[in-house]
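Read through the structure below, which is laid out as structure tokens, and then see the notes.
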Amino acid sequence: MPPKYAKVDAQKPDRATLGAAARLLRDGALVVFPTETVYGLGASATNDEAVARVFAVKERPRNNPLIVHVARIAQAQALAEGWSDDVDRLAHAFWPGPLTLVVPRSRRVSDLVTGGVDSVAIRIPAHPVARELLILAAIPIVAPSANRYQRVSPTTAQHVIDDLGDRVDLILDGGPTPLGIESTVVSLLADGPRVLRMGSISAEEIATVVPDVQWAPVRDDAPIVEPDVKRSPGQVRRHYAPRARIELVGQIQSMFIDGGETVGWLVRGAEPGEKRLGSTLVIVLPDDAARYAAALYAALHRFDAEGCTRVLVEKLPADPRWDAVRDRLMRASMPPE
Ligand code: AMP
Ligand code: MG
């Protein structure tokens, strides 16, 4: 049976539609909804059967913990064991928004959600559809990106339909997601504050609130090292990857493409858009980090849809504002294990 599908206004979503979606979530169903980052595959965090279905639908390993989404700080506190000043400052500075906080977990949180670790990742999203849905559901909701494991996250409802098809119960279509890359993840555990995943909120912005926060710079001239699994479960080297082989290149100059391979070019420019040059699909993205991030995954999905086997990506400016997209492209370019 195909999933139910409903269009919702991104700014003023229809309450009856969201009310029905919230009831489905409370009953253990899987509901896909837009957030300001990417589309999430939502399920009740308090229902182990529903959470198990999320892992099955995504084909995601069970040791890769899920982020729990809530509507209010009080709900977040109920999932945590203790609530430090740093956590409180970050929550007040950036929630609702694209920030996930990893904090000591309450015993109430299921082992299935946390992959068995002693912490839990929590976020209050800002997208009006996600917010309203979480308020109406009034329970914590796990919502990993609505795609199969290690694939490119969906930024439109169509991406979800293409990737997960009939595996979910309801898809709420609120149009393209505004930020386009996953949330910044900051860990606030006993070993000190640390950025585990770059996102739209930069490490420098986090440091304005928590000055001793640490992070590993993202470089495109050095391979991504195998992450410390205990500290950063689920942060695998290869991730966010399309089917095509991704290569970061200094500058794309030559028009010469050997063989019959369908090749993609991802470049930056003043006139974003897409054009075909023979068997080459050229996508021009904005030369601005935030706007590039917003459009990146749709471009990667396009290359897949066009059957590109190889995508040449013009290297990004060294400026730290590009770190989050640099991180995603570096991971997408890692060879499969
Ligand atoms: P997503 O796949 O976007 O839902 O993000 C989930 C990611 O958040 C995981 O793959 C981890 O990288 C991170 N995460 C979730 N829970 C934890 C945790 N308890 N400790 C550290 N990182 C976590
Ligand atoms: Mg994901």
Side-chain angles (χ1 to χ4, degrees), residues 3-51 53-54 66-80 83 87-103 105-106 108-110 113 120-146 154-155 157 160 168-179 182-185 199-201:
K4 293 209 176 83
Y5 168 94
K7 254 198 156 46
V8 285
D9 189 286
Q11 293 313 315
K12 280 199 179 335
D14 177 57
R15 278 185 75 90
T17 307
L18 292 191
R23 272 193 302 282
L24 279 173
L25 282 169
R26 293 179 66 90
D27 289 345
L30 303 192
V31 175
V32 172
F33 60 90
T35 78
E36 69 274 29
T37 61
V38 301
Y39 273 77
L41 173 58
S44 166
T46 59
N47 179 331
D48 270 358
E49 232 174 277
V51 176
R53 245 186 98 203
V54 167
L66 303 174
I67 297 172
V68 184
H69 295 67
V70 293
R72 304 178 208 288
I73 290 184
Q75 280 177 296
Q77 286 169 330
L79 300 169
W83 194 256
V87 173
D88 201 54
R89 272 195 287 272
L90 286 172
H92 281 97
F94 297 109
W95 280 352
L99 176 66
T100 296
L101 299 177
V102 174
V103 299
R105 69 182 267 211
S106 150
R108 279 191 290 269
V109 182
S110 159
V113 170
V120 59
I122 313 172
R123 176 161 103 87
I124 300 185
H127 193 293
V129 174
R131 260 190 88 62
E132 281 292 310
L133 185 61
L134 289 167
I135 290 169
L136 293 170
I139 51 170
I141 299 290
V142 294
S145 52
T155 56
V160 181
V168 300
D169 301 306
L170 171 65
I171 296 176
L172 295 175
D173 182 353
T177 57
L179 300 178
E182 301 78 2
S183 59
T184 305
V185 179
S200 302
I201 298 173

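Quick caveat: nothing in here was measured; it's all calculated off a predicted structure. The first residue of the sequence shown is numbered 1, and numbering continues consecutively from there.
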So which atom in [X] and which in [Y] form the shortest heavy-atom distance, rounded to 0.1 Å?
{"X": "Gly42", "Y": "Ile141", "result": "CA-CG2, 3.9 Å"}
{"X": "Gly28", "Y": "Arg53", "result": "O-NH1, 4.4 Å"}
{"X": "Ala121", "Y": "Thr100", "result": "CB-CG2, 3.6 Å"}
{"X": "Leu66", "Y": "Pro144", "result": "CD2-CG, 3.8 Å"}
{"X": "Ala71", "Y": "Gln75", "result": "N-OE1, 2.9 Å"}
{"X": "Gly174", "Y": "Tyr39", "result": "N-OH, 3.0 Å"}

Do [X] and [Y] come close enough that some side-chain heavy atom pair is under 4.5 Å?
{"X": "Lys7", "Y": "Thr17", "result": "no"}
{"X": "Glu36", "Y": "Pro96", "result": "no"}
{"X": "Pro125", "Y": "Leu134", "result": "yes"}

Check your understanding: Strictly by modelled atom types, are Ser44 and Asn47 linked by a side-chain donor-acceptor pair under 3.5 Å?
Key ->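 No - no donor-acceptor pair under 3.5 Å links their side chains.
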
**Study point:** Pair Thr37, Ser183: side-chain N/O donor-acceptor within cut-off below 3.5 Å
**Key:** no

**Study point:** side chain to side chain contact (heavy atoms under 4.5 Å, CB included), paired with Val103, selected from Ile122, Leu79, Leu90
**Key:** Ile122

Point to revise | side chain to side chain contact (heavy atoms under 4.5 Å, CB included), paired with Pro34, selected from Thr155, Ile171, Asp173, Leu172 | key: Leu172

Exercise for review: Test side chain to side chain contact (heavy atoms under 4.5 Å, CB included) on Thr184 and Phe94 and set out the steps.
Suggested key: CA-CA 11 Å; Thr184 305; Phe94 297 109; over 6 Å; no

How many angstroms lie between atom [atom1] of [X] and atom [atom2] of [Y], to the nearest 0.5 angstrom?
{"X": "Arg23", "Y": "Leu18", "atom1": "CZ", "atom2": "CG", "result": "11.0 Å"}
{"X": "Leu24", "Y": "Leu170", "atom1": "CG", "atom2": "CG", "result": "6.0 Å"}
{"X": "Ile73", "Y": "His92", "atom1": "CD1", "atom2": "NE2", "result": "3.5 Å"}

Quick check: does any side chain N or O of [X] sit under 3.5 Å from a backbone N or O of [Y], one acting as donor and the other as acceptor?
{"X": "Arg123", "Y": "Gly97", "value": "yes"}
{"X": "Asp169", "Y": "Val31", "value": "no"}
{"X": "Arg26", "Y": "Ala137", "value": "yes"}
{"X": "Ser200", "Y": "Leu179", "value": "no"}
{"X": "Trp83", "Y": "Val87", "value": "no"}

Point to revise | Whether His69 and Phe33 hold their rings parallel, tilted or perpendicular, with breakpoints at 30° and 60° | key: perpendicular

Point to revise | side chain to side chain contact (heavy atoms under 4.5 Å, CB included) assessment of Ile124 paired with Arg131 | key: CA-CA 8 Å; Ile124 300 185; Arg131 260 190 88 62; 3.6 Å; yes

Review point. Please walk me through it: do Arg15 and Leu136 pass side chain to side chain contact (heavy atoms under 4.5 Å, CB included)?
Key: CA-CA 9 Å; Arg15 278 185 75 90; Leu136 293 170; 3.5 Å; yes

